[in-house]
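Each chain gets a letter, A, B and so on, in the order the sequences are listed, and its residues count up from 1.
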Amino acid sequence: MSKTIQAVRGMKDILPAQMPYWHHLEDTIRHILESYAYQEIRPPLVEKTELFARSIGEVTDIVEKEMYTFADRNGDSLTLRPEGTASCVRAGIENGLFQKQIHRLWYKGPMFRHERPQKGRYRQFYQIGAEVYGVTTPDIDAEIIAMTARFWQQLGLKNIVLQLNSLGSIEARKTYREALVNYLSQHSLDEDSQRRLQSNPLRILDSKNPDMQTVIQGAPVLLDYLDEVSQAHFETLKSLLAALDIDYKINPRLVRGLDYYNRTVFEWMTTELGSQGTVCAGGRYDGLVEQIGGRATPAIGFAMGIERLIALLEQYQKTPSVQNPHIYITMVGDNTISYGLRISEFLRNALPQLRLEMNCGGGSFKSQFKRADKSGAQFAMILGEDEMNKQQVGLKFLRQTEQTQTKEQLNLSWDELVNYLSEFQY
RNA sequence: GUGAACGUAGCUCAGUCGGUAGAGUUCAGGAUUGUGACUCCUGUGGUCGCGGGUUCGAUCCCCGUCGUUCACCCCA
């Protein structure tokens with residue numbers, strides 16, 4: 001034990017028992033994304049550090065203290081991506097995807113942030129995200145939100161609520177920020193808030209400290225500072241959501257942690273995961289492409305935390321179980337192993353859908369049967385010297401279903417076996 | 001980064017007011033010389049997270065460290 005190497009802190013193995021949840025979630029989301037005409041993109045996991053510093057914001061926590069940054073052999077500073085949007089934007093610019101075109105992109109994969117691990121928060125965690133480039137109008141905001149709502153509905157997840165806000169234009173946000181800082185500086189703030197006054201004053205509005213609530217109540221409201229265009233954008237979005245019957249709650253204190261957001265921001269939250277309740281979040285970042293060096297291109301996107309969604313799925317247990325083999329092959333007697341191998345390869349040729357598990361590693365006949373039972377297989381195949389000499393197989397039902405009234409063990413030739421199995425409903 | 005609780009067999013846990021550990025389960029074998037699920041028997045499996053201190057003696061007490069969990073912070 002003392003010399004064993006453990007996984008690095010905050011990085012977990014996703015074990016076979018969990019895989020059905022992951023597959024189910026990934027498949028469901030991917031099909032929906034495709035039904036909205038999104039196309040997958042897979043940028044590298046590593047980028048130049050500067051990319052994240054410039055997009056996420058120099059003074060954010062992510063960039064200041066949470067990135068896995070290291071020097072490449074040539075001295076370049078590289079970083080394991082802490083989020084997906086920056087890479088997508090970079091890839092889009094580099095490959096000329098945004099030249100007066102509308103692009104709907106999606107990605108999935110691991111992200112890395114050096115945070116203290118906690119429920120729903122890991123140092124390597126998985127996100128699925130989507131982004132749309134080239135659309136200024138709020139129709140796309142509404143479509144994106146409708147699509148995310150469809151995710152939860154399709155996955156059978158309840159109790160996820162939508163919070164919505166508008167940050168206005170970059171200029172409006174700046175004006176508001178000044179007003180807010182001005183107001184807050186005249187009041188006594190707790191330690192965290194004092195720190196945030198410099199870095200991200202809008203965050204102070206989100207403080208959980210009860211002592212801060214009265215100060216927060218009296219603070220100027222962001223929505224009052226919205227420029228006209230942003231206001232109209234927001235109004236249209238709200239009416240579109242109403243037309244789609246999508247419930248939402250305006251949260252004037254909803255600010256995203258990343259600097260690049262403007263106008264629409266939204267968050268899907270649950271109260272069932274402890275303090276990490278945000279399951280999906282996103283918004284507009286109309287200035288980002290230009291900021292990274294591309295031609296000015298409006299954009300909107302979101303990302304969701306897969307571990308958090310899986311945790312919800314597990315609570316509801318709305319998932320198929322692990323894929324058991326259909327047949328477990330047991331063997332006794334001389335030369336029956338090669339007979340078993342030949343039959344199993346023959347069957348895999350004839351019936352590619354079939355899941356076969358060979359008993360490997362020996363063991364008494366009894367223990368082979370125990371393994372067959374444990375494997376969850378529908379059938380045990382028995383291959384002994386008798387069967388081999390007659391070029392047959394024994395097939396025994398291990399489980400009772402409507403289909404298996406015949407509980408008798410069958411003895412079949414190879415061809416009969418293929419016929420029998422091809423008509424069997426699993 | 002801050003705080004709290006916890007680290008005993010592959011898994012779930014008990015235990016020793018300080019005298020180097022036990023159950024269930026898993027796995028292997030047997031009762032049933034080629035037939036699982038129930039039952040019974042036997043066996044494998046632990047430097048009690050790691051390092052140091054106190055002590056005749058530490059898994060237990062103390063300190064440190066690593067890890068886990070939860071909360072703060074931050075965020076998906």
Peer 1: What do you reckon, are the aromatic ring centroids of Phe397(A) and Phe379(A) less than 6.0 Å apart?
Peer 2: yes

Peer 1: Side-chain donor or acceptor of Gln409(A) under 3.5 Å from a matching atom on the base of rU35(B)?
Peer 2: yes

Peer 1: Please check the phosphate of rA37(B) (OP1 and OP2 only) for any side-chain N or O of Lys396(A) closer than 4.0 Å.
Peer 2: no

Peer 1: Between Gln127(A) and Phe125(A), what is the shortest heavy-atom contact and its length?
Peer 2: NE2-CE1, 3.5 Å

Peer 1: Taking donor-acceptor contacts at under 3.5 Å, does the side chain of Gln6(A) reach the base of rG49(B)?
Peer 2: no

Peer 1: Just say parallel, tilted or perpendicular for the rings of Trp152(A) and Trp268(A), cut-offs at 30° and 60°.
Peer 2: perpendicular

Peer 1: Can you see whether Ser338(A) engages Asn335(A) through a side-chain donor-acceptor pair at a distance of less than 3.5 angstrom?
Peer 2: no

Peer 1: Heavy-atom contacts under 4.0 Å between residues 263-277 of chain A and RNA chain B, which residues?
Peer 2: Gly274(A), Ser275(A), Gln276(A)

Peer 1: For nucleotides rC62(B) and rG43(B), find the distance between their P atoms and express it as a whole number of Å.
Peer 2: 38 Å

Peer 1: Heavy atoms under 4.0 Å, any strand shown: does Asn209(A) hit a base, just sugar-phosphate, or nothing?
Peer 2: nothing

Peer 1: Does Lys119(A) have a side-chain nitrogen or oxygen under 4.0 Å from the phosphate oxygens OP1 or OP2 of rA71(B)?
Peer 2: no

Peer 1: Could you check whether Ala372(A) gets within reach of a base, just the sugar-phosphate, or nothing at all, counting any heavy atom under 4.0 Å?
Peer 2: nothing

Peer 1: Measuring to OP1 and OP2 of rG29(B), would you say a side-chain N or O of Ser367(A) lies under 4.0 angstrom away?
Peer 2: yes

Peer 1: To the nearest 0.5 angstrom, please state how far the CG atom of Asn251(A) sits from the CG atom of Leu222(A).
Peer 2: 10.5 Å

Peer 1: Is the distance between the ring centroids of Phe98(A) and His103(A) less than 6.0 Å?
Peer 2: no

Peer 1: Classify the side-chain pair Arg263(A)/Ser230(A) by whether it contains a donor and acceptor separated by less than 3.5 Å.
Peer 2: yes

Peer 1: Compare side-chain N and O positions of Lys370(A) against OP1 and OP2 of rA28(B) and report whether any pair is under 4.0 Å apart.
Peer 2: no

Peer 1: Using only side-chain N and O atoms of Gln127(A), determine if any of them is under 4.0 Å from OP1 or OP2 of rA76(B).
Peer 2: no

Peer 1: Please pick, from rA71(B), rU35(B), rA28(B), the nucleotide with the shortest atom-to-atom distance to any side-chain atom of Phe369(A).
Peer 2: rU35(B)

Peer 1: For Gln392(A) and Met388(A), indicate whether the former's side chain and the latter's backbone hold a donor-acceptor pair under 3.5 Å.
Peer 2: no

Peer 1: Go through the structure and list residues passing salt bridge (charged side-chain N to carboxylate O under 4.0 Å, His left out) with Glu50(A), not counting sequence neighbours.
Peer 2: Arg54(A)

Peer 1: According to salt bridge (charged side-chain N to carboxylate O under 4.0 Å, His left out), does anything in residues 82-94 of chain A pair up with another residue at least two apart or in another chain? List the pairs.
Peer 2: Glu47(A)-Arg90(A), Arg90(A)-Glu94(A)

Peer 1: For the residue pair Tyr68(A) / Glu66(A), report whether a side-chain donor-acceptor contact shorter than 3.5 Å exists.
Peer 2: no

Peer 1: Rounding to the closest angstrom, what is the interatomic distance between rU33(B) and rA37(B) at atom C1'?
Peer 2: 22 Å

Peer 1: Output the residues of residues 107-116 of chain A in contact with RNA chain B, where contact means a heavy atom of the residue under 4.0 Å from an atom of the strand; sort by number or write none.
Peer 2: Arg113(A), Glu115(A), Arg116(A)

Peer 1: Base, sugar-phosphate alone, or nothing: which one does Glu387(A) contact when heavy atoms must sit under 4.0 Å apart?
Peer 2: base

Peer 1: May I ask you to verify whether the side chain of Arg121(A) and the base of rC70(B) hold a donor-acceptor pair under 3.5 Å?
Peer 2: no

Peer 1: For Leu244(A) and Ala146(A), work out which heavy atoms get closest and say how close.
Peer 2: CD1-CB, 4.0 Å

Peer 1: Looking at every non-hydrogen atom in both residues, tell me the closest pair between Ser55(A) and Tyr260(A) and how far apart they are.
Peer 2: O-CD2, 3.1 Å

Peer 1: Would you please enumerate the stems RNA chain B participates in, each stem being three or more consecutive Watson-Crick or G-U wobble pairs with both distances under 3.5 Å?
Peer 2: B:1-7 with B:66-72, B:10-13 with B:22-25, B:27-31 with B:39-43, B:49-53 with B:61-65

Peer 1: Find every protein N or O atom lying less than 3.5 Å from an N or O atom of nucleotides 39-42 of chain B, and list the pairs.
Peer 2:
none

Peer 1: Gln291(A) and Tyr285(A): side-chain donor and acceptor closer than 3.5 Å?
Peer 2: no

